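Below: one structure, written as structure tokens.
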Amino acid sequence: MGAFDTVITYEKGTYIETDTGNKVSRKATIAGAANIILGGKSIIQTGSILRGDLRRSTAGQHVVISMGRYCLIGEGTVLRPPGKMYKGAFTFYPVRISDFVHIGPGCIIEAAQIGNGVEIGKGCILGKFVIIKDLAVLLPDTVLPEGTVVPSMSVWGGNPGRLVDTLPETYQETMEAKCKGYYQRFRLAS
């Protein structure tokens with residue numbers, strides 16, 4: 001946390017804090033909470049929609065959305081599992097989100113996997129079964145079509161999304177510090 005970083009405050013009662021340090025907005029829509037795993041110290045902001053109810057139709061418990069530590073789901077973002085026809089029936093597949101992932105506001109995510117240290121800008125749309133490898137950046141308003149694979153250490157932008165730059169070797173430390181710093185600055189108003 002830098003000396004000039006502003007503190008981000010929220011009013012008491014607007015967020016629920018779990019035992020593992022997750023902060024979930026009371027105005028976020030979480031359907032099928034039993035099918036969602038949050039790793040800890042993650043923030044789900046106001047207006048976000050997590051669709052844990054969209055799961056395989058077989059009996060038993062299924063993890064639909066799995067998130068690591070120090071993740072941020074921005075305001076108004078929709079996170080839902082990808083689905084397709086399989087053996088004559090429509091079925092959903094799980095979403096795996098690793099540690100230190102920031103998803104900006106207003107995104108629509110149907111990816112299969114988002115790797116460690118990924119930053120997704122405001123207004124991005126990730127089609128079904130997109131895979132984002134570790135340490136990647138999606139610029140604001142990037143649209144990735146179904147099945148796109150984003151390699152590590154890359155910056156993507158545009159519609160449709162394409163490679164526009166690469167990341168420095170030190171990006172992992174930078175992204176971890178950014179995610180931890182954001183979590184530390186996101187505090188209850190005094």
Side-chain angles (χ1 to χ4, degrees), residues 8 10 15 22-33 35-39 41-54 64-84 92-152 154-165 167 171 174-176 178-179 181-183 185-186:
I8 304 154
Y10 60 92
Y15 279 79
N22 296 306
K23 297 176 183 177
V24 181
S25 171
R26 290 187 186 273
K27 292 185 179 177
T29 303
I30 299 179
N35 302 321
I36 299 172
I37 295 176
L38 302 178
K41 297 191 176 182
S42 293
I43 301 169
I44 299 175
Q45 294 188 323
T46 303
S48 297
I49 301 171
L50 277 66
R51 296 295 308 268
D53 60 328
L54 301 177
V64 176
I65 298 171
S66 172
M67 285 175 43
R69 297 175 303 114
Y70 292 103
C71 292
L72 168 72
I73 306 293
E75 291 184 16
T77 288
V78 177
L79 181 59
R80 55 175 285 157
K84 69 176 182 178
F92 290 98
Y93 293 83
V95 179
R96 303 278 180 247
I97 300 174
S98 297
D99 300 337
F100 306 109
V101 173
H102 265 209
I103 300 174
C107 294
I108 299 172
I109 311 290
E110 286 189 83
Q113 178 183 333
I114 299 174
N116 209 32
V118 172
E119 184 172 8
I120 299 172
K122 171 181 157 266
C124 289
I125 299 173
L126 277 60
K128 294 177 182 177
F129 300 102
V130 165
I131 295 174
I132 302 175
K133 302 286 187 174
D134 294 346
L135 305 170
V137 172
L138 299 182
L139 299 175
D141 301 314
T142 299
V143 177
L144 296 180
E146 182 175 332
T148 303
V149 177
V150 175
S152 293
S154 62
V155 178
W156 282 52
N159 181 5
R162 64 191 181 291
L163 179 68
V164 295
D165 203 357
L167 295 170
Y171 186 71
T174 303
M175 192 61 190
E176 287 179 12
K178 178 179 181 175
C179 292
Y182 189 94
Y183 182 83
R185 291 190 332 264
F186 194 79

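None of these values were measured; they are calculated from a predicted model.
Remark: Phe92 CZ to Asp53 CG distance equals 8.0 Å, nearest 0.5 Å. In this structure, the separation between CD1 on Ile120 and CG on Leu138 is 5.5 Å, given to the nearest 0.5 Å. Rounded to the nearest 0.5 Å, atoms CD1 (Ile44) and CG (Leu50) are 5.0 Å apart. Annotation: the span from Asn22 atom CG to Ile37 atom CD1 amounts to 11.5 Å, rounded to 0.5 Å. A distance of 13.0 Å separates OH in Tyr183 from CD1 in Ile8, rounded to the nearest 0.5 Å. One distance of note links OG of Ser48 with CG of Leu79; it measures 9.0 Å at 0.5 Å rounding.
Across every non-hydrogen atom of Val95 and Pro82, the tightest pair is CG2-CD, 3.8 Å. Taking every heavy atom of both residues into account, Gly123 and Cys107 meet most closely at N-SG, 3.7 Å. Nearest heavy-atom pair, Trp156 versus Leu144, reported as atom, atom and distance to 0.1 Å: CE3-CD2, 3.7 Å. Taking both residues in full, the closest heavy atoms of Asn159 and Val143 are given as OD1-CB, 3.5 Å, listed atom of the first, atom of the second, then distance. When all heavy atoms are compared, the tightest approach of Gly115 to Ser98 is C-CB, 3.5 Å.
Put simply, the side chain of Pro105 reaches to within 4.5 Å of the side chain of Lys122, judged on heavy atoms. Between Lys128 and Lys84, the closest side-chain pair of non-hydrogen atoms is not below 4.5 Å. Between Val150 and Val118 the shortest side-chain heavy-atom distance does not fall below 4.5 Å. Within the 4.5 Å cutoff, the side chain of Leu126 has heavy atoms near those of the Ile132 side chain. Glu110 places none of its side-chain heavy atoms less than 4.5 Å from the side chain of Glu146. Between Val155 and Leu139 the shortest side-chain heavy-atom distance falls below 4.5 Å.
The local environment of NZ in Lys23 is crowded, with over 12 non-hydrogen atoms from other residues, nucleotides or ligands closer than 6.0 Å.
In this structure, the side chain to side chain contact (heavy atoms under 4.5 Å, CB included) partners of Val64, at least two apart in sequence or on a different chain, are Asn35, Arg55, Pro81. Shown here are the side chain to side chain donor-acceptor pair (under 3.5 Å) partners of Tyr10, two or more places apart in sequence or in another chain: there are none.
A donor-acceptor contact shorter than 3.5 Å is absent between the side chain of Asp134 and the backbone of Ser152.
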Let me have the donor-acceptor pairs involving side chains of residues 67-76, under 3.5 Å, with sequence neighbours excluded, atom names and distances please.
none

task = Please report the C-alpha distance between Ile109 and Ile114 in whole Å, then the side-chain angles of each, then the deciding distance to 0.1 Å, and finally whether the side chain to side chain contact (heavy atoms under 4.5 Å, CB included) criterion is met.
result = CA-CA 10 Å; Ile109 311 290; Ile114 299 174; 4.0 Å; yes
ask   = Checking side chain to side chain contact (heavy atoms under 4.5 Å, CB included) for the pair Ser66/Arg96: CA distance, chi angles, key distance, verdict?
value = CA-CA 5 Å; Ser66 172; Arg96 303 278 180 247; 3.5 Å; yes
